[in-house]
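Below is one structure, written out as structure tokens; the observations come after it.
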Protein chains: 2
Amino acid sequence: MVTIRQVAKEAGVSVATASRALNGMENVTRSTREKIEAAAARLNYVPHSGARNLTRRRTDTIGVILPDLFGEFFSELIRGIDRAVHAEGKTLLLGNMHGSQQETTQAIRAMRGRVDGLVIMPPNSVAETLHTEPLGAFPMVVLNAVPGGGELPSVSVDSRAGAEMVVQHLIERGARRIVHISGPATNHDAIERETAFRNVVCRELDNADPIVLTGDFCEGSGEAAISRLLESGERFDAVFAGNDVMAVEAMASLRDAGYAIGSEMLVAGFDDIPLSRYVSPGLTTVHSEIPRLGELAAHKLLALIEGSLASEGQATVIRPRLAIRGSTAGLAPPRS
Amino acid sequence: MVTIRQVAKEAGVSVATASRALNGMENVTRSTREKIEAAAARLNYVPHSGARNLTRRRTDTIGVILPDLFGEFFSELIRGIDRAVHAEGKTLLLGNMHGSQQETTQAIRAMRGRVDGLVIMPPNSVAETLHTEPLGAFPMVVLNAVPGGGELPSVSVDSRAGAEMVVQHLIERGARRIVHISGPATNHDAIERETAFRNVVCRELDNADPIVLTGDFCEGSGEAAISRLLESGERFDAVFAGNDVMAVEAMASLRDAGYAIGSEMLVAGFDDIPLSRYVSPGLTTVHSEIPRLGELAAHKLLALIEGSLASEGQATVIRPRLAIRGSTAGLAPPRS
DNA sequence: TTGAAAGCGCTACCAT
DNA sequence: ATGGTAGCGCTTTCAA
């Protein structure tokens, strides 16, 4: 492994000069610079970023810690973050907490000394104590969660508003018995969406105890929920799933069960992942601009790192909008 | 930022002892260890992985360089890689070459000193000179590409076999005039798939000059290809798209144009991204176990790093299988 | 403009 | 079992 010292020796200069030349600093004569560059090329020198990071006390890398790497939601999110980070010439270090609290702490700690800051999407349990982490002083932006004590800067989608919109919409399109498939109780968004659902159903349909099935936001749980529901024999005319993955699955299951989606049975989701536009009928959902969510978080973090942003209380909330598609075309015989 | 030196001082021991205790080595008395741990906790000490990496000459991190972070293919791939890497207690550093050759080189170099090895999915142009990279000695596994000079270990899906299977299948289901939407010419898989398509069509249908439209594997190009095709007035009864993203789009466009997918018009893709199962009718495609592709690559890299694998010539090829769904149910009036 | 040398925070070797 | 110390590869004062 060739080091800068070898390059310096080969070029017959000191490491200091070599370093300057290779970093494109001005105070190096043209001829020395050329000698050094030639030597570097001859030896196939590639700088060791690890060492560089250590001396410069910065890594030009930002860490991202997500509960999972699975599915389009995260894919889109990472894409947004990458876009922002890459535009600034920085790199992305990806951590995965795999949902567990312990792994989250571990993941955060593993980032120390390897990144300049963190974008993190913590489960609720972690969010509450996040500012307690030894890394407290560490630049950190929280995604879609209630920051513990409200102290950490955050970016989030207004889940409550989004869920209210979509439930309201279902009602307008004729739904009277709406079932909700919720996300995991450890997830802040899941709770917000469920709460909003209950509120609207209670207020508009006078139903204080609607059916709520517990899902987990992942593949498999939409289908499972629907099959439980069908077995139970409950009557219902619409399903509002906590996210699109479950909604799309629910839609497929209901179609298989013989319902005409959009006319006999309305289905809606949340997130607006790309998939939602491609299923047929298209899935009505809450468009939350996932890549933008990531992009905003990254920008905020970069500002934080540069010191151009206070490290407290900056909460950005994205207000989502409805994406209306065929899955809520309208219940055929509107019953009052 | 609290360092190990401060912890040592606080505990009244040397840094050496502190290091041992904190790394769980055996040769430390119980009492000293406790003193040190207490001191570390009191000071909120978090080890600096960057420095650690430097001394240990290893990072326990593997780098992944992809042409793009967009879409389900990469999402699934990363998921597979993560699964393997995480199982070994290591971390993932994500690089994005954004398709350009220059950025790829840059991305590779930026990894030096920050990762123990690289999984890379290079465009063709880069693949050929990859082993020339100064990082040559660096553990590296190539994904889905022809490794330059065939020297680098690789994992890939047998695109040719997959494409042959699916084209054959289209013919069996009655297709006689098959159109191909290809991927970008810079992509090895794209070329393999197109070649296989041409071969089968020539052999089985005696058509030496089938219609091939150029796409780019990304959103938008499936639709564009179909609209060009429809405008041209060409007759055709089946579309084989180079990947699922384009196939799904093509399917939607054709449906909008009034074709009954599966009976009047057959459509097939390649990859089997999750989306393919959810569209309706389901998309017939080549199932290539994307996560497994990533997992195998990661395992191979880890073996390489550990030195339990030679660094040359190890090529793993995954043989894909057909996933038959509604989009190729069968042409209604089978013409000979 | 150039060089010498002091670290960055940590681990691991060699003594004790 | 513990401590002293020499690096890991690089950047960056400070002098010359």
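As the structure is a computational prediction, the values presented were derived from the model and not from experiment. Within every chain, numbering begins at 1; the chains are lettered A, B, ... in the order of the sequence lines, protein sequences first and strands thereafter.
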Taking all heavy atoms of [X] and all of [Y], pick out the closest pair and write down the distance.
{"X": "B:Met121", "Y": "B:Asn144", "answer": "CE-CB, 4.2 Å"}
{"X": "A:Pro291", "Y": "A:Arg83", "answer": "CB-NH2, 3.8 Å"}
{"X": "A:Glu10", "Y": "A:Ala39", "answer": "CG-CB, 3.5 Å"}
{"X": "B:Asp189", "Y": "B:Val157", "answer": "OD1-O, 4.4 Å"}
{"X": "B:Ala190", "Y": "B:Asn187", "answer": "N-OD1, 3.0 Å"}
{"X": "B:Gly183", "Y": "B:Phe217", "answer": "CA-CE2, 3.5 Å"}

Sugar-phosphate, base or nothing in reach of A:Ser19, heavy atoms under 4.0 Å:
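Answer is base: heavy atoms of A:Ser19 come under 4.0 Å of a base.
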Which is true for A:Ser49 with a 4.0 Å heavy-atom rule: it touches a base, it touches only sugar-phosphate, or it touches nothing?
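Nothing, no nucleic acid heavy atom in range.
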Between the first and last five pairs of the helix from C:dT1-D:dA16 to C:dT16-D:dA1, the angle of the axes, rounded to 10 degrees
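It comes to 40° between the two terminal axes.
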[N] [atom2] sits how many Å from [X] [atom1], rounded?
{"X": "B:Arg114", "N": "D:dG9", "atom1": "CZ", "atom2": "P", "result": "17 Å"}
{"X": "B:Ile4", "N": "D:dT5", "atom1": "CD1", "atom2": "P", "result": "17 Å"}
{"X": "B:Leu54", "N": "D:dC8", "atom1": "CG", "atom2": "C1'", "result": "4 Å"}
{"X": "B:Arg5", "N": "D:dG3", "atom1": "CZ", "atom2": "P", "result": "15 Å"}
{"X": "B:Lys35", "N": "D:dT2", "atom1": "NZ", "atom2": "C1'", "result": "11 Å"}

Beyond-backbone contact of A:Val142 with A:Pro122, side-chain heavy atoms, under 4.5 angstrom:
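Yes. Closest side-chain heavy atoms under 4.5 Å.
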5' priority, DNA chain D, between B:Ala51 and B:Ala16 [closest heavy atom]:
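The 5'-side residue here is B:Ala16.
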Heavy atoms of chain B, cut-off under 4.0 Å: which first and last nucleotide of DNA chain C, 5' to 3', fall inside that, if you could look?
C:dG9 to C:dC13
Candidate list B:Asp60, B:Leu302, B:Thr61, B:Leu301, test side-chain contact (heavy atoms from CB on, under 4.5 Å), partner B:Asp116, passing option:
B:Asp60
Which of these, A:Val141, A:Leu93, A:Val115, A:Ile305, sits in a side-chain contact (heavy atoms from CB on, under 4.5 Å) with A:Ile62?
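Filter result, single survivor: A:Ile305.
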Selection: residues 23-31 of chain B, any non-hydrogen atom under 4.0 Å of DNA chain C
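Only B:Asn23 qualify.
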Distance in Å, A:Asn23 CG paired with A:Arg56 CZ, rounded so as to fall on 0.5 Å steps
7.5 Å
As an exercise, state the distance from CG of A:Leu143 to CD1 of A:Ile65, rounded to the nearest 0.5 Å.
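So the CG of A:Leu143 and the CD1 of A:Ile65 are separated by 11.5 Å.
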